[in-house]
Asks: 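This is the structure I have questions about; it appears just below.
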Amino acid sequence: MPPLSPWSAAEDFRGAPAAGAESAKIPGFRPPGTDMSRYDFTAIEARWQQRWQAEKTFRAPNPGDEGFDPAKPKFYVLDMFPYPSGAGLHVGHPKGYTATDIVARYKRHRGFQVLHPMGWDAFGLPAEQYAVQTGTHPAATTAKNIEMFRSQLQALGFSYDWERELSTTDAGYYKWTQWIFQKLYERGLAYESEVPVWWCQALSTVLANEEVIDGKSERGGHPCVKRPLRQWMLRITDYAERLLADLEGLDWPDSVKAMQREWIGRSEGAEIDFEIEGGAGFTAFTTRPDTLFGATFCVLSPEHPLVDQVTGAGQRAAVAAYREEAARKTELERAELQKDKTGVFTGAYALNPVYQDGHPLRRMPIWVADYVLMSYGSGAIMCVPGGDERDHEFALKFGLPTVPVVRPEEAEELPACWTGAGWMVNSGFLDGMAVEQSKPAMTAWLEERGIGRAKVTYRLRDWLFSRQRYWGEPFPLLHGPDGEVELVPTEDLPVSLPELDDFTPSPSGDPPLARAKDWVRVVDADGKVWRRETNSMPQWAGSCWYYLRFLDPGNDTAAWDPEIERYWMPVDLYVGGAEHAVLHLLYARFWHKVLFDCGLVSTDEPFRKLVNQGMVLSFAYRDQRGALVPVQDVEVDGDSCRRKDGELVERIVAKMSKALRNVVNPDDVVAEYGADTLRLYEAFMGPVTASAPWNPRDLPGVHRFLQRVWRLYLAGVAEAADAEVERALHRCVAKVGDDLEQLGFNTALAAMMEFVNLVTKKEARLSPDQAMRFAVLLEPFAPHLAEELAAGLGRAESLALAPWPAVDAALLVEDTIEVPVQVNGKLRARLQLAADADSGEMERAAREAAAAHLEGVEVRKVIVVPGPRPMVNFVVV
RNA sequence: GCCGAAGUGGCGGAAUUGGCAGACGCGCUGGCUUCAGGUGCCAGUGGCCUAUUACGGUCGUGGGGGUUCGAGUCCCCCCUUCGGCACCA
């Protein structure tokens with residue numbers, strides 16, 4: 001019998017080898033002119049990508065579609081869809097995409113119907129700014145960028161169902177974004193409001209609080225100022241409690257949950273109505289109603305509407321000056337100056353309801369100070385210097401009295417300011433109570449008198465939902481001649497973006513859409529003239545519900561079909577960057593809950609499990625003067641890095657950015673090593689959740705692994721399965737499966753490497769059946785190569801839906817176990833014992849093995865641990 | 001300051017419920033193959049001490065304490081890095 005060709009046993013699988021087998025050695029798929037002794041990843045990858053596309057291998061059928069199997073469980077695995085920037089992909093993007101793709105492919109092997117879509121979050125500033133500069137229509141820029149992103153992603157062999165591709169900028173998509181806005185509007189969750197908002201001159205738009213960091217725009221870092229403007233707001237605060245409570249049941253990283261909790265910022269307390277001497281009054285929120293006996297003054301925020309009214313004649317000038325100064329300060333300056341408390345007395349007094357007229361603490365001076373924010377609570381507070389650090393600081397600076405009201409446990413003396421637990425003192429009917437009891441006691445006391453009540457306050461603000469941009473979803477709203485506002489009728493959706501050639505704000509200062517005069521003016525059947533809303537929605541709008549549109553992207557009579565929604569939702573695994581921990585994820589949860597309340601979705605949360613992929617960092621180089629050196633000008637020799645001219649440069653690890661000139665383009669990696677190698681490296685770098693630097697030096701390592709696999713198959717198949725190899729394969733299958741369930745891609749790969757190393761070292765060959773099973777294991781990671789190997793083995797159809805190999809538990813159990821023997825916890829010997837050795841045998845054998853260390857000492861105790869991780873420890877004196 | 005995550009070889013990183021620290025990969029060292037090699041293969045590779053035909057000892061998971069027969073893993077204190085929040089009453 002001639003030596004077995006690698007795929008000569010193909011008949012065992014699929015009958016005759018595929019056609020075109022002019023070489024007995026490599027039947028089936030050999031492209032002309034290619035030397036198949038070499039792992040020709042370029043040819044292999046192109047071929048399979050074509051075939052997947054042609055055969056729609058990854059099409060996910062919906063309920064009712066051909067090929068849909070109601071018996072199969074579903075798995076919805078989603079990437080945070082990207083903004084298609086002009087810069088194209090860098091190797092950071094595929095880190096998350098590789099993770100989800102591995103999971104998607106693995107779940108298919110496990111018999112799941114997998115929904116794994118990709119689309120584009122394509123509205124947004126850069127395309128519009130580019131349009132302003134060059135006159136290129138944002139739609140053209142966007143189309144071009146999407147083209148590039150798609151082809152780059154396709155080159156990586158991701159198993160997306162491309163038939164479900166969507167872009168938030170398509171009218172067929174944003175029609176439904178507008179439709180959802182209608183739902184919000186109808187439920188009273190959208191309203192217009194004159195609010196102080198962040199205005200960014202450079203971007204000529206308002207920004208949401210969350211989009212402004214330290215007084216600068218999140219995108220671009222341009223300075224922003226607060227300005228009162230009429231804007232559309234969404235009443236997300238109505239959902240604060242549920243957004244907070246429902247975090248509980250989500251399988252999300254603790255850090256993200258914590259950030260959302262903090263952002264929502266629930267605090268329990270009471271609001272108290274204070275009378276002002278001589279008339280008016282105000283309400284203050286406090287978390288410490290129990291300390292009311294210690295309230296010695298009050299503070300109003302400089303923006304508080306009552307300030308003018310209460311300020312006495314003598315204080316008018318000082319208060320006016322202070323308010324003006326506060327208004328001029330940006331939030332940033334206020335924060336910077338926070339160490340130093342400032343304020344000014346109004347001349348007015350509030351009355352403390354727990355004291356009678358005539359009591360020295362009855363009259364509380366009212367101050368104005370910028371440490372009280374108008375945007376939180378009621379913009380007015382009662383101040384208890386004995387129970388609050390900030391009030392204490394303020395009282396000290398301005399000589400206001402302090403009354404301690406809480407005695408810390410086991411304290412000899414009353415501290416001037418104590419914020420912790422303890423017993424009430426100087427507090428009338430509360431004296432002797434613990435802080436925790438006295439809170440409800442005081443609240444009840446206030447409620448009885450009708451001057452206060454329990455109250456929960458949130459830090460969360462309503463969502464500023466309008467932008468003064470062209471490249472966003474138009475609001476489906478009309479303004480009537482008398483100021484009335486109407487929704488555009490649903491049947492008239494979408495309200496499409498008008499064509500413009502100038503994307504700057506209109507001369508009147510209105511948003512760019514106001515330039516489209518014909519578009520803005522709408523005459524109804526009765527001849528009434530309406531004006532369209534010229535604000536547009538923020539970029540978050542489209543990303544709030546794209547995961548729902550993926551379910552049924554072609555539907556033009558509904559946003560999605562309810563039956564399809566019930567089948568696929570919720571998203572089982574959602575992978576994306578931690579930068580969306582609050583904004584996108586909170587907004588999307590909010591919309592989803594509204595849709596749930598409308599009866600339009602079947603789950604009250606959209607994303608069951610969330611994973612933040614770590615960042616891919618990159619090396620950057622600085623020369624002696626600290627100037628950045630382009631990466632391609634640096635030669636790395638061992639540990640020293642030199643510029644081409646020989647100067648030593650310093651290596652730093654940083655985010656990839658144009659500025660640092662350290663962006664790695666996946667196209668280059670694919671050209672040099674292939675997509676499978678790129679995928680493998682992304683998966684092998686470490687846990688998905690961890691950030692790690694892109695180290696080009698490590699690429700050949702994973703590439704070598706694929707080469708070894710290729711050569712292993714090329715070497716031919718064995719007639720019969722080797723027993724040891726079979727055991728190792730079962731261990732490998734079990735390990736890879738377990739690891740993938742936990743997203744342990746790097747360790748799964750390590751297990752496969754170990755398997756291949758073992759087979760190579762034994763100079764063994766795989767049986768056809770083993771070879772096929774290993775190809776399935778490899779497929780989620782290196783799908784092109786795995787398909788090629790399977791085809792070579794004679795498989796006619798794609799490997800994508802091949803069942804995951806079964807594990808025989810009996811083969812996972814070793815015949816012998818190695819037992820470490822310790823004396824006083826120190827390793828002294830190792831034993832080989834039969835796997836079924838009992839404790840007695842283990843101890844006996846261990847005594848013998850460690851005899852030298854047990855001589856002349858007294859054995860106090862013997863610890864014998866049987867089982868899969870056995871050990872024996874002698875405790876001696 | 002508060003909240004969250006993390007700190008393990010030269011590097012990326014492994015290590016079910018506490019049970020052989022350093023899997024796997026890179027790099028490095030030595031050897032082989034090759035006309036050549038940014039190739040392939042084999043062997044070695046935590047530090048120190050000792051041995052030198054195999055062995056052995058000792059230290060070692062940011063630092064210091066503790067619990068335990070046994071700690072990278074659990075508890076307390078501290079340090080560092082990253083991310084978030086920051087006068088939120």
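Letters go in sequence order (proteins before strands), and every chain restarts at 1. All values below were derived from every heavy atom in this structure, side-chain atoms included, with hydrogens, water molecules and symmetry-related copies excluded.
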Asks: Could you check whether A:Glu818 gets within reach of a base, just the sugar-phosphate, or nothing at all, counting any heavy atom under 4.0 Å?
Replies: base

Asks: Using the glycosidic torsion, which applies to B:rG9: syn (within 90° of 0) or anti (everything else)?
Replies: syn

Asks: Counting heavy atoms from C-beta on, name the nucleotide in B:rG19, B:rG4, B:rG27 closest to the side chain of A:Ile863.
Replies: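 Nearest nucleotide to the side chain: B:rG19.
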
Asks: Indicate yes or no: at least one non-hydrogen side-chain atom of A:Tyr39 is less than 4.5 angstrom from one of A:Val709.
Replies: no

Asks: Using a 4.0 Å heavy-atom cut-off, does A:Thr457 contact any base of the nucleic acid, only the sugar-phosphate backbone, or nothing at all?
Replies: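 Result for A:Thr457 = nothing.
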
Asks: So if I take residues 743-753 of chain A and measure heavy-atom distances to RNA chain B, which residues fall below 4.0 Å?
Replies: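 By residue number: A:Asn746, A:Thr747, A:Ala750, A:Met753.
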
Asks: Please state how far atom OH in A:Tyr376 lies from atom P in B:rC87, giving the value in whole angstrom units.
Replies: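 It is 12 Å, rounded to the nearest whole Å.
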
Asks: For a quick check of understanding: with a heavy-atom distance under 4.0 Å over all strands, which category does A:Ala578 fall into, base, sugar-phosphate or nothing?
Replies: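 The residue A:Ala578 makes no contact with any strand.
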
Asks: In dot-bracket form, 5' to 3', how is RNA chain B paired? Count Watson-Crick and G-U wobble pairs only if both distances fall under 3.5 Å, and write | where the partner sits on another strand.
Replies: (((((((..(((......[....)))((((((.......))))))((((......))))..(((((..]....))))))))))))....

Asks: Output one line per pair: protein atom, nucleotide atom from nucleotides 42-47 of chain B, and distance, for all N/O pairs under 3.5 Å.
Replies:
{"from": "B:rA43", "atom 1": "OP1", "to": "A:Lys761", "atom 2": "NZ", "distance (Å)": "3.3"}

Asks: Could you tell me whether A:Asn757 contacts a base, only the sugar-phosphate backbone, or nothing, with contacts defined as non-hydrogen atoms closer than 4.0 Å?
Replies: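 It contacts sugar-phosphate atoms only.
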
Asks: Any donor-acceptor pair, under 3.5 Å, between the side chain of A:Asp698 and the base of B:rC26, if you only look at N and O atoms?
Replies: no

Asks: Between the base of B:rG84 and the side chain of A:Glu579, is there any donor-acceptor pair under 3.5 Å?
Replies: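 No pair found.
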
Asks: So A:Arg830, base contact, sugar-phosphate only, or nothing? Heavy-atom distance under 4.0 Å.
Replies: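 Base, at least one base heavy atom under 4.0 Å.
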
